[in-house]
Amino acid sequence: QVQLVESGGGLVQAGGSLRLSCAASGSFFSINAMGWYRQAPGKQRELVASITLGGSTNYDDSVKGRFTISRDNNRKMVYLQMNSLKPEDTAVYYCNADITGLARRIYWGQGTQVTVSS
């Protein structure tokens, strides 16, 4: 019933910017924390950034100062503004959300590809 759909990925040159969006839809009571993960080929999925319902944020050291996570609770969306992109940022980016419906569980989006060329 619950779906998370990412958008905004694409191909950019190093130093450029992208803004990822993730929309939650379906039947549920509330969204708690939300976050963005990424996975590059041959590597483990890693946390990029997270944000609590109250707006507290956490970032991986590799993106700190370059990426900004935000959310719009009315629109049920979370965003990731990515600036000063580097080739090593290339990965599939996944939206993640802690959602309470009949039960509380973690949901994942299908992923969106971000490719940064040099």
Side-chain angles (χ1 to χ4, degrees):
Q1 293 296 316
V2 177
Q3 291 186 330
L4 299 178
V5 180
E6 303 99 333
S7 62
L11 174 64
V12 297
Q13 293 185 343
S17 298
L18 281 175
R19 181 173 177 265
L20 305 184
S21 300
C22 174
S25 63
S27 180
F28 54 85
F29 177 71
S30 64
I31 303 175
N32 303 301
M34 306 183 80
W36 289 94
Y37 287 70
R38 67 185 179 188
Q39 186 168 26
K43 296 185 178 180
Q44 295 183 339
R45 186 176 298 186
E46 64 178 4
L47 175 67
V48 177
S50 63
I51 183 168
T52 68
L53 182 62
S56 297
T57 59
N58 183 60
Y59 299 92
D60 183 81
D61 286 341
S62 66
V63 306
K64 197 170 298 180
R66 299 187 298 119
F67 292 9
T68 302
I69 187 171
S70 61
R71 63 190 291 169
D72 185 329
N73 293 327
N74 290 330
R75 289 174 177 248
K76 301 177 182 178
M77 298 187 70
V78 63
Y79 308 93
L80 185 67
Q81 178 66 48
M82 304 185 293
N83 299 326
S84 302
L85 283 163
K86 304 175 181 179
E88 49 263 46
D89 294 319
T90 296
V92 177
Y93 284 70
Y94 296 90
C95 179
N96 166 279
D98 179 0
I99 294 177
T100 299
L102 295 178
R104 182 174 179 178
R105 60 161 286 184
I106 302 298
Y107 290 87
W108 293 90
Q110 81 288 347
T112 184
Q113 178 70 47
V114 172
T115 302
V116 184
S117 64
S118 60

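- Counting heavy atoms from C-beta outward, Ser21 and Met77 have side chains that approach closer than 4.5 Å.
- Between Ile51 and Arg71, the shortest heavy-atom distance links the atoms O-NH1, 3.5 Å.
- Hydrophobic cluster membership differs between Met34 and Tyr94, with clusters built from Ile, Leu, Val, Met, Phe, Trp and Tyr side chains linked at under 4.5 angstrom.
- At a threshold of 4.5 Å between non-hydrogen side-chain atoms, the residues Met82 and Val12 do not count as touching.
- Residues Tyr37 and Leu20 do not share a hydrophobic cluster, defined by chaining ILVMFWY side chains whose heavy atoms lie under 4.5 Å apart.
- Other members of a hydrophobic cluster containing Leu53 are absent, since no ILVMFWY side chain comes under 4.5 Å of it, directly or through relayed contacts.
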Worked verdict on Asp60 versus Val48 for side-chain contact (heavy atoms from CB on, under 4.5 Å): CA-CA 5 Å; Asp60 183 81; Val48 177; 5.5 Å; no

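- Taken from CD1 in Ile99 to CZ in Arg104, the straight-line distance is 11.0 Å, to the nearest 0.5 Å.
- Summarising the local packing, CD of Gln13 is surrounded by 12 or fewer heavy atoms from other residues, nucleotides or ligands at distances under 6.0 Å.
- Counting all heavy atoms, side chain and backbone alike, Ala91 lies closest to Tyr93 at O-CD1, 3.4 Å.
- For residues 107-118, the side-chain hydrogen bond (donor to acceptor under 3.5 Å, both in side chains) pairs, not counting sequence neighbours, are Glu6-Gln110, Gln113-Thr115.
- Under a 4.0 Å N-O distance rule, the pair Asp89/Lys86 does not qualify as a salt bridge.
- Val114 and Val92 fall into different hydrophobic clusters, where Ile, Leu, Val, Met, Phe, Trp and Tyr side chains are chained together by heavy-atom contacts under 4.5 Å.
- The two residues Lys43 and Gln39 come nearest to each other via the heavy atoms O-NE2, 3.1 Å.
- In this structure, Arg66 contributes its side chain and Ser62 its backbone to a donor-acceptor pair below 3.5 Å.
- Contact check for Ile31 versus Val78: no side-chain heavy atoms found under the 4.5 Å cut-off.
- Among residue pairs with one or both ends in residues 55-86, none qualify as ring-ring contact (aromatic ring centres under 6.0 Å, His included); sequence neighbours excluded.
- Within a 6.0 Å radius of CD in Gln3, other residues, nucleotides and ligands contribute 12 heavy atoms or fewer.
- Closest of all the heavy-atom pairs between Ala49 and Leu47 is O-CD1, 3.6 Å.
- Minimum interatomic distance between Leu4 and Cys22 (heavy atoms only, all atoms of both residues): CB-SG, 3.9 Å.
- Contact annotation: the side chain of Val5 never approaches that of Ser25 to less than 4.5 Å [non-hydrogen atoms, C-beta and beyond].
- Nearest heavy atom pair, residue Asn83 against residue Ser17, reads OD1-OG, 2.9 Å.
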